[in-house]
Amino acid sequence: QVQLVESGGGLVQTGGSLRLSCAASGRTSSTYTMGWFRQAPGKEREFVAAINWFGDKTSYADSVKGRFTISRDNAKNTVFLQMNSLKPEDTAVYYCAATSRYFIATLLANYDSWGQGTQVTVSS
């Protein structure tokens with residue numbers, strides 16, 4: 001089992017930036033692919049971005065392409081989500097997820113471990 005702890009959320013104005021972090025501990029061999037998802041009030045949890053172990057393959061939701069960047073530091077067992085040009089519609093709880101699958105997973109069902117989430121609020 002791997003434990004995931006997110007940090008870095010907060011309140012930011014439209015056009016601002018935030019950097020989310022997700023620290024993994026425990027069975028980190030199960031973190032081959034790491035992903036970020038988000039859930040806005042009254043909506044389903046949706047895929048945001050994912051990255052493979054080597055960091056050379058990434059995937060993004062269309063809604064965040066060009067604005068968000070996912071990266072990882074395996075030496076620190078940490079994955080990051082740099083969010084720029086934030087919009088009010090980015091407001092959500094952001095969740096970090098991990099899977100041992102060797103492909104860039106975009107579906108919730110593909111992930112085995114989840115963090116508790118961090119709130120991101122973008123004011124207009």
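Values below: every heavy atom of this structure, side chains too, minus hydrogens, waters and symmetry copies.
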Give every residue pair that meets the side-chain hydrogen bond (donor to acceptor under 3.5 Å, both in side chains) criterion with at least one member in residues 48-58, sequence neighbours excluded. Asn52-Asp56
Non-hydrogen side-chain atoms of Ile70 and Val79 separated by less than 4.5 Å: yes
Are any of the side-chain nitrogens in Asp62 or Lys65 under 4.0 Å away from the carboxylate oxygens of its partner? yes
Is it possible for you to say whether Tyr94 and Tyr111 belong to one hydrophobic cluster, with membership spreading through side-chain heavy-atom contacts below 4.5 Å? no
In this structure, is the centre-to-centre distance between the rings of Phe37 and Trp114 below 6.0 Å? yes
Any chain of hydrophobic side-chain contacts (each under 4.5 Å) joining Leu4 to Ile51? yes
Counting heavy atoms not belonging to Arg27, are there more than 12 under 6.0 Å from its CZ? no
Determine whether Thr118 and Leu20 make a side-chain contact, defined as any pair of heavy atoms from C-beta on separated by less than 4.5 Å. yes
Non-hydrogen side-chain atoms of Arg38 and Tyr95 separated by less than 4.5 Å: no
To check you understand the geometry: which heavy-atom pair defines the closest contact between Ser85 and Asp90, and what is its length? O-OD2, 4.4 Å
Output every pair passing disulfide bond (SG atoms under 2.5 Å apart) with a member in residues 5-114, not counting sequence neighbours, ordered by first then second residue. Cys22-Cys96
Pair Glu89, Thr91: side-chain N/O donor-acceptor within cut-off below 3.5 Å: no
Side chains of Asn84 and Ser17 only: does a donor on one sit below 3.5 Å from an acceptor on the other? yes
Does the Lys NZ or Arg CZ of Arg101 fall within the cation-pi geometry relative to Tyr32 - under 6.0 Å from the ring centre and within 45° of the axis? no
